[in-house]
Amino acid sequence: TPIVQASGLSKTYGSGETAITALDDVSVDFRAGELTAIMGPSGSGKSTLMHCIAGLDRADAGTVTIDGVEITDLDDRHLTELRRDRIGFVFQAFNLLPVLTAEENILLPLTIAGREPDPEWLEQLVTTIGLGDRRHHRPSELSGGQQQRVAVARALASRPAVVFADEPTGNLDSRSSDEILGLLRHSVDGLGQSVVMVTHDPHAASFADRLLVLKDGRIVHDGPAGGADD
Ligand code: ADP
Ligand code: ADP
């Protein structure tokens, strides 16, 4: 069964003549072991879809089930708990805490949840993102690519069932982009997670198994992408 099942999602901003339909009856499933790229023109509803599915925003209509839990029924407290326990987020602006070291940032979701990190897993994460001895540096002492890798490692730290990434390679050079995409691929292929990324970058999309294209709040294409064949 899919890890994420979204059905009949609609969302309108504003009302009356100025109302904007950001999502128009969208239904989509995401499976474990699948890397999905969402593309589409600016304003087509990509962020709104991701935020509604990830429980960061509420749709006006429709249902979302994550790992068997229908989030549309949850109150804010339980929704926050579910996000914390089962969902990883990678945002374009990194959202790293400047006063914490790279390693402390990676561990933050576990710290907040009061869970002890598995030392082997932490070691594997830090090694995979190639931080080396910079693990004890603060974000301001890291390059943009390194900061983004820390943000991705943080999203993967609690081994969430599903990871949502908003432009994970935005503003990165091609080497850093490939490292991020490799890390996301690894979490899908090695750990069986489901990763959903919004991207404008065709190169990033070529790493995906599946490509969704949104237009005017609807899915206008859903099919295999580059990563599926090799
Ligand atoms: P994308 O991520 O594809 O650029 P968005 O989901 O951000 O698209 O936006 C979809 C539509 O909803 C756009 O027309 C956008 O202007 C509108 N929209 C998004 N967020 C808001 C908001 N908070 N208030 C009003 N309109 C919004
Ligand atoms: P924007 O809406 O400007 O594109 P983001 O995509 O970074 O901003 O964040 C979208 C929403 O998610 C914001 O309301 C933000 O407060 C919230 N948010 C950011 N990080 C987290 C997080 N780790 N967990 C839950 N919500 C978050």
Side-chain angles (χ1 to χ4, degrees), residues 3 30 32-37 50 54 56 67 80-199 201 203-204 206-209 227:
I3 290 203
F30 299 110
E34 185 180 67
L35 174 54
T36 302
M50 202 164 64
L56 296 173
D67 221 3
T80 302
E81 269 175 25
L82 178 126
R83 275 205 308 259
R84 190 187 69 200
D85 295 341
R86 310 203 200 190
I87 304 178
F89 295 99
V90 183
F91 294 99
Q92 213 180 346
F94 309 149
N95 284 327
L96 299 179
L97 291 187
V99 297
L100 300 183
T101 67
E103 187 174 301
E104 288 165 345
N105 267 288
I106 291 171
L107 291 175
L108 190 61
L110 291 170
T111 309
I112 290 172
R115 283 161 58 190
E116 282 298 318
D118 169 358
E120 270 178 45
W121 170 235
L122 173 64
E123 204 49 48
Q124 193 189 331
L125 265 182
V126 171
T127 307
T128 309
I129 64 171
L131 264 193
D133 50 11
R134 295 206 162 199
R135 63 201 287 167
H136 301 303
H137 286 46
R138 300 225 167 113
S140 61
E141 300 165 314
L142 301 174
S143 70
Q146 287 169 335
Q147 290 180 49
Q148 182 64 317
R149 279 180 269 157
V150 170
V152 172
R154 181 186 52 186
L156 301 178
S158 61
R159 294 191 243 207
V162 55
V163 175
F164 295 98
D166 196 352
E167 293 279 357
T169 60
N171 307 318
L172 295 185
D173 61 48
S174 62
R175 195 173 68 90
S176 299
S177 291
D178 284 0
E179 281 163 356
I180 295 294
L181 293 162
L183 191 53
L184 293 174
R185 271 256 54 109
H186 173 75
S187 79
V188 169
D189 298 333
L191 302 173
Q193 287 167 309
S194 181
V195 174
V196 180
M197 64 174 173
V198 166
T199 185
D201 176 6
H203 179 65
S206 75
F207 278 70
D209 301 306

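Atoms considered below: every heavy atom in the structure, side chains included; atoms not considered: hydrogens, waters and symmetry mates.
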*Report the distance from atom CG of L142 to atom CZ of R149, rounding to the nearest 0.5 Å.*
9.0 Å
_Qualifying residue, where the test is side-chain contact (heavy atoms from CB on, under 4.5 Å) with I129 and the options are I180, I106, V152_ = I106
*asked:* Side chains of F207 and D178, heavy atoms from C-beta outward: is any pair under 4.5 Å?
replied: yes
*Which pair of heavy atoms, one from L96 and one from P139, lies closest together, and at what distance?*
CB-CG, 3.9 Å
*Residues in side chain to side chain contact (heavy atoms under 4.5 Å, CB included) with A155, at least two apart?*
V90, V163
_Taking L131's backbone N and O only, do any of them form a donor-acceptor pair with Q146's side chain (distance below 3.5 Å, no angle check)?_
no
_Between H186 and L156, is the side chain to side chain contact (heavy atoms under 4.5 Å, CB included) condition met? List the steps._
CA-CA 11 Å; H186 173 75; L156 301 178; over 6 Å; no
*Pairwise distance CG(L181) to OG1(T199) - rounded to 0.5 angstrom*: 7.5 Å
*Do I3 and E34 come within less than 4.5 Å of each other through their side chains, counting heavy atoms only?*
no
*asked:* So S176 and Q148, do their side chains get closer than 4.5 Å, heavy atoms only?
replied: no
*Determine the minimum heavy-atom distance between A157 and L110, stating which atoms define it.*
O-CD1, 4.0 Å
_I need the M50 CE to L56 CG distance, nearest 0.5 Å._
8.0 Å
*Are any of the side-chain heavy atoms of L191 and W121 separated by less than 4.5 Å?*
yes
*Quick one: side chain to side chain contact (heavy atoms under 4.5 Å, CB included) partners of E104, sequence neighbours excluded?*
L100, T101
*Calculate, to the nearest 0.5 Å, the distance between atoms CD and CG belonging to E116 and L107 respectively.*
9.5 Å
*Is E179 close to L172 at the side-chain level, that is, under 4.5 Å between some pair of heavy atoms?*
no
_Checking the side chain of R84 only, and the main-chain atoms of A113 only, is there a donor and an acceptor separated by less than 3.5 Å?_
no
*Applying salt bridge (charged side-chain N to carboxylate O under 4.0 Å, His left out), name anything that partners R86, two or more places apart in sequence or on another chain.*
D67
*Check D209, T36, L35 against V195 for a side-chain contact (heavy atoms from CB on, under 4.5 Å) and give me the one that passes.*
L35
*Considering only heavy atoms from C-beta outward, does the side chain of N95 approach that of F89 to under 4.5 Å?*
no
*Do P168 and L184 come close enough that some side-chain heavy atom pair is under 4.5 Å?*
yes
_E141: salt bridge (charged side-chain N to carboxylate O under 4.0 Å, His left out) partners, not counting sequence neighbours_ = none
*asked:* Holding to side chain to side chain contact (heavy atoms under 4.5 Å, CB included), I want the full list of residues that pass it with P109, two or more places apart in sequence or in another chain.
replied: R154
*Backbone N or O of A102 within a donor-acceptor pair of the R135 side chain at under 3.5 Å?*
no
*Minimum heavy-atom distance G192-A32, with the two atoms named*: O-CB, 3.4 Å
*Can you tell me how far the CD1 atom of I87 sits from the CZ atom of R83, to the nearest 0.5 Å?*
7.5 Å
*Qualifying residues under side-chain hydrogen bond (donor to acceptor under 3.5 Å, both in side chains), relative to R159, sequence neighbours excluded*: D118
